[in-house]
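Notes to accompany the following structure.
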Amino acid sequence: MDRKAVEKKWQLKWEKAKFHNFNPKSDKPKEYVLEMFSYPSGAKLHVGHWYNYGPADSYARFKRMKGYNVFQPMGFDAFGLPAENYAIKTGVHPKDSTKTNIETMEKQLRAMGAMFDWNAEVKTCEEKYYKWTQWLFLQLYKKGLAYRKEAPVNWCPSCNTVLANEQVVEGACERCGTTVVRKNLTQWFFKITEYAEELLSGLDGLDWPEKTKTMQKNWIGKSTGCEIEFECDTGDKIRVYTTRCDTVFGVTYVVLAPEHPLAQKITTDEQRDAVNAYIAETSKANEIDRLSTTREKTGVFTGAYCTNPLSGKKIPIYLADYVLYSYGTGAVMAVPAHDERDFEFATKYDLPIVQVIESRSGPTKLPFCEDGIMVGSLGFDGLYGEEAREKVANEIAKLGKGGKKVNYRLRDWLVSRQRYWGAPIPVVHCPNCGIVPVPEKNLPVALPYEVEFRPDGKSPLEKCEEFMNTTCPQCGGEARRDPDTLDTFVCSSWYFLRYADPDNDKEPFDVEKVKKLLPVDTYVGGAEHACMHLLYARFITKALRDMGYLNFGEPFKRLIHQGVIMGPDGNRMSKSHGNIVSPDEYIEEYGSDAFRLYLMFGFSYTEGGPWNDDGIKAISKFLDKIEKTILKIMTYSEKNAPYSTEEKALDYARNFAIQKITRDMQNFSFNTAVARMMELLNAITKYDALDVKNTTLLKATVKDFLLLLAPCAPHFCEELWEQIGEKGFIFERSYPVENPEKLVLDETEYALQINSKIISRVMIPSSFKQEEIQDFVLGLDSVKEKLDGKEVKKCIVVQGRLVNLIV
RNA sequence: GCCGCUGUGAUGAAAUUGGCAGACAUACGGGACUUAGAAUCCCGCGGUAGAGAUACCGUAACGGUUCAAAUCCGUUCAGCGGCACCA
């Protein structure tokens, strides 16, 4: 078979018949199969794309044959840094390079032969799309879920530009290697923290990899503790957050983050110089240094004191940058005896260490950070762990000095980027009215083409006067636009909704259409998005739901991560490793079906692994053998119809394969599914070698075989389907369903064990029940011989598996 | 440092979730057909001992639970991924 010609032929036929376009009128149950859309890079489709899209498409095709109305769209996550960086390097405008790249990739994706519904295509850099991304921003703003505040950004002093987190590699600029510093700019945020609790609890009901759920859980980082108020001699009140309020009697000092508003206020005159110097010093330190655990702790005494509300003791107040202003209250109570960090700090600055917790088992070695028994804590002595914390927290609440509190590690999502190639933030800054959102009817705020995007310290858009100068929608006076663009993760946080209604120019999507298609039934993509895209998309979905646009809160019911295909050397494929494998030559030589099938067979889908092409030739031969065998068998005339042992065996193999392959396809266990197909082909060949055969059964089996294989080798199977004289597309046919009767054999092989050691295998009638099996086994001569007159104490029978005699 | 995952032949991997370890392939070895084989077909293929039937050992290492462990529990080692002063 000329595979390349055959691929072209069927791709054309499918397209002509609009065979892959979703039919909204169908009464079949819908199945939304989605693969993460790709970034249009200049290079060709790489093995990773193929590995993501090929097998996932086979799944979609399988579901179609199983009777679902499948929707499988594809699009491009087209805004973003790489295009802009490429432009800076070469001078080619991002819009132009992106357009060309999308054209090439689209062509390649079509050549792959996946059943993408190109009618639903979405490109996030097009006005007709980002208009609605901006709309989304405005809705969040209206709801109070988008706000502005000053925040540190990554700044490269050499390139003179803001960097995205992805561009900071080990604390240095990805491009020039200069150490990145912190710089405070006013930034836009989305209040994802508002949904922290639901983002956490919603995970339980999802059919997602446990690993990903755990990562999101840790990222959200719920912590249950207690806030306690310490009153300063100045009258100011310092609230601290702690998860160990049972150690409150061991507090020997209180620490504020250097940015804490009270830091300057409470400082005494003698300490003022030292404190100012310390604050100046720490503000210079960059994020990376500051967050490093190995860094030695530093701090400074403020000269001020406060009072422990429970013990009444006076304790000093320090500033130290090991306390984060952005978490909890930005202040902590230090208990050196029961916290490693406080212990280290107290040791360095010679502060008292007071033990108030005792180990339940063995001696207590300080710092002792586990749960223990309270000591030296007045009326609380003797209490342990959770109960102790409960009682202390209640007491604090009773005193009006705080109480239980839940905190999350999750921070709000910083969405503004001082970059060019993104959706402009639809906001106007008016000298009279302040921040004014652009009215929805004026959307999109179009991204201008003629812009100097080479970095020189300013946001690229800020240099474009035509863009920046506008009038205030509220007062009509002169005003300036916001020069920032939105993080590309904003664009990708709702694209799966737009697929349902991609050409709507009245609204982001028709609510009814989305209700019908969403949520996504199966989402396939890389695990690297666990705490970014997947979390953002969940947040946006919940926010839109609460605004009344959606009737569901979780966008992706089932999630599958394909593994990573590494270079042959076991490293991640990259230019710097020089280990990139291109699919093209393989497709040229063996065809896209063979390549896809090899990807499915050679790797465990969710594991991936180093590339190795040893098996691809074998897959190609497998296809050749199928072709040869099937075409030969289909020429047989149907006359003989014996049905005995061999026929039963073939029928068993056929139905066994149907059962297992169906299960494996459903579970994304593609390697075993293909293995079962090979087994079935082996059974067919074996039967075909007989002199007398039931050609009716054989031909029916062969047809089932083709139907089973079709999702995994679509062009190849369409062609054979036609060649054996069938009408219409093979994908219009139903996937075979096993006949359970044929799976029941007269006899089943059992393993025979004596004292858990296998002594032999025997065939036992399948209909036998426990006792019958036992009697049957004990009656065997070989067993009697082995038992040698010993008494059988116990007989364990595992139906259909084994018999274990304990003597 | 903390959290999570993984560890099975020469190789990619299977194993109905506690029930015959190594399915299905690749590589390798042997044979058939052939002028020839990188084509096709057949046979073998975890290790050790043995001519052989067979026996013993074997799922990173050690220990435990069980009639039965790759699978469950504990300790250790190795690799990968995530988080990284979150009080």
Side-chain angles (χ1 to χ4, degrees), chain A residues 209-219 221-223 225-226 240-245 247 255 257 288 290-297 320-335 338-342 344-345 369 407-411 527-528 530-531 564 566 570 572 598 601-604 607 609-619 621-622 624-625 628 659-660 663-664 669 671-682 685 689 749-761 793-807:
Chain A
E210 281 308 317
K211 185 186 160 191
T212 308
K213 290 206 231 178
T214 309
M215 274 167 71
Q216 285 206 1
K217 270 183 200 154
N218 293 340
W219 186 263
K222 183 176 181 172
S223 125
C226 181
V240 303
Y241 174 72
T242 179
T243 51
R244 290 299 303 272
C245 62
T247 64
V255 194
I288 302 299
R290 180 150 173 199
L291 289 178
S292 161
T293 343
T294 50
R295 183 166 171 246
E296 200 184 326
K297 293 184 179 27
D321 71 354
Y322 76 89
V323 173
L324 304 173
Y325 182 55
S326 53
Y327 182 78
T329 58
V332 302
M333 59 178 216
V335 188
H338 306 294
D339 181 281
E340 277 174 33
R341 295 153 301 185
D342 299 341
E344 188 194 329
F345 190 82
C369 307
N407 269 319
Y408 301 90
R409 293 169 92 113
L410 184 70
R411 305 294 150 86
E528 66 275 15
C531 296
V564 179
M566 270 132 10
R572 259 191 130 82
Y598 174 61
F601 178 64
F603 303 85
S604 175
E607 297 289 317
W611 175 259
N612 179 335
D613 61 8
D614 278 356
I616 190 161
K617 195 172 273 176
I619 285 288
K621 281 186 203 165
F622 172 57
D624 287 339
K625 190 180 162 192
K628 213 176 71 187
Q659 187 189 46
K660 297 298 179 195
R663 193 199 59 193
D664 289 347
S669 282
N671 54 347
T672 48
V674 177
R676 296 282 105 87
M677 292 176 202
M678 291 171 167
E679 278 173 353
L680 180 57
L681 184 68
N682 290 343
T685 327
E749 191 189 61
Y750 277 72
L752 251 186
Q753 298 181 329
I754 290 180
N755 284 342
S756 308
K757 239 178 204 170
I758 292 178
I759 53 155
S760 67
R761 283 152 237 269
K793 278 195 206 145
K794 205 174 163 191
C795 174
I796 294 152
V797 177
V798 181
Q799 196 72 245
R801 298 250 148 227
L802 57 74
V803 180
N804 189 3
L805 303 173
I806 311 303
V807 300

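Reminder, nothing fancy here: chain letters follow the sequence lines and each chain counts from 1. Just so you know, these numbers come straight off a predicted model, no measurement behind them.
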Reading 5' to 3' and counting Watson-Crick or G-U wobble pairs with both distances under 3.5 Å, write the dot-bracket notation for RNA chain B, | for bases paired outside the strand.
(((((((..(((......[....))).(((((.......))))).((((....))))..(((((..]....))))))))))))....

Say we look at [N] and [M]: how far apart would their [atom1] atoms be, to the nearest angstrom?
| N | M | atom1 | answer |
| --- | --- | --- | --- |
| B/C24 | B/C45 | P | 12 Å |
| B/U71 | B/G58 | P | 13 Å |
| B/C80 | B/G31 | C1' | 44 Å |

Residues which pass salt bridge (charged side-chain N to carboxylate O under 4.0 Å, His left out) with [X], listed by chain and number, not counting sequence neighbours:
| X | answer |
| --- | --- |
| A/Arg409 | none |
| A/Lys617 | none |
| A/Asp624 | A/Arg3 |

Note: for A/Thr214 and A/Ser223 on RNA chain B, the residue whose nearest nucleotide lies more 5' is A/Thr214

A/Arg409 or A/Ile758: which one's nearest nucleotide on RNA chain B is closer to the 5' end?
A/Ile758

Under-4.0 Å side-chain N/O to phosphate OP1/OP2 contact, A/Lys757 with B/C56
yes

Establish, with yes or no, whether the OP1 or OP2 oxygen of B/A87 is under 4.0 angstrom from a side-chain nitrogen or oxygen of A/Tyr322.
no

Distances for protein N or O near nucleotides 65-69 of chain B N or O, under 3.5 Å:
| residue | atom | partner | partner atom | Å |
| --- | --- | --- | --- | --- |
| B/C67 | O2' | A/Ser756 | OG | 2.3 |
| B/C67 | O2 | A/Asn804 | ND2 | 2.7 |

Partner residues of A/Phe603 under the ring-ring contact (aromatic ring centres under 6.0 Å, His included) criterion, sequence neighbours left out:
A/Tyr51

Show me the donor-acceptor pairs within less than 3.5 Å that the side chains of residues 672-681 of chain A make with the rest of the protein, sequence neighbours left out.
| residue | atom | partner | partner atom | Å |
| --- | --- | --- | --- | --- |
| A/Thr672 | OG1 | A/Asp664 | OD2 | 3.0 |
| A/Thr672 | OG1 | A/Ser669 | O | 2.9 |
| A/Arg676 | NE | A/Glu679 | OE1 | 2.8 |

Is the base of B/G9 syn or anti, if syn means a glycosidic angle within 90° of 0?
syn

For B/U17, decide between syn and anti, treating a glycosidic angle within 90° of 0 as syn.
syn

For a quick check of understanding: with a heavy-atom distance under 4.0 Å over all strands, which category does [X] fall into, base, sugar-phosphate or nothing?
| X | value |
| --- | --- |
| A/Asn682 | sugar-phosphate |
| A/Glu749 | base |
| A/Arg411 | base |

What closest approach, in Å, do [X] and [Y] show between heavy atoms, and which atom pair accounts for it?
| X | Y | answer |
| --- | --- | --- |
| A/Val335 | A/Asp342 | N-OD2, 2.9 Å |
| A/Cys531 | A/Met215 | SG-O, 3.7 Å |
| A/Lys297 | A/Glu344 | NZ-OE1, 3.2 Å |
| A/Gly330 | A/Val323 | O-CG1, 3.6 Å |

Expressed in angstrom and rounded to an integer, what is the separation of A/Tyr408 atom OH from B/A87 atom P?
13 Å

Take the protein atom CD of A/Glu528 and the nucleotide atom P of B/C83, then report the distance between them rounded to whole Å.
12 Å

Test log, rule side-chain contact (heavy atoms from CB on, under 4.5 Å), inputs A/Glu210 and A/Lys213:
CA-CA 5 Å; A/Glu210 281 308 317; A/Lys213 290 206 231 178; 3.7 Å; yes

Check the interface with nucleotides 36-44 of chain B: list each N/O to N/O pair with the protein under 3.5 Å, or write none.
| residue | atom | partner | partner atom | Å |
| --- | --- | --- | --- | --- |
| B/A39 | OP1 | A/Lys621 | NZ | 3.2 |

Can you list everything that forms a side chain to side chain contact (heavy atoms under 4.5 Å, CB included) with [X]? Sequence neighbours excluded, please.
| X | result |
| --- | --- |
| A/Asn218 | A/Thr214 |
| A/Thr243 | A/Ser223, A/Tyr241 |
| A/Asp614 | A/Asn612 |

Between B/A23, B/A25, B/G19, which one does the side chain of A/Ala675 approach most closely?
B/A23

Its contact letters, B for base, S for sugar-phosphate only and - for none at protein heavy atoms under 4.0 Å, make nucleotides 6-14 of chain B read ------BSS

Rounded to the nearest 0.5 Å, what separates atom OG1 in A/Thr329 from atom CG in A/Asn407?
8.0 Å

Exactly one of A/Gln753, A/Lys794, A/Lys757 should register a side chain to side chain contact (heavy atoms under 4.5 Å, CB included) with A/Asn804. Which one does?
A/Gln753

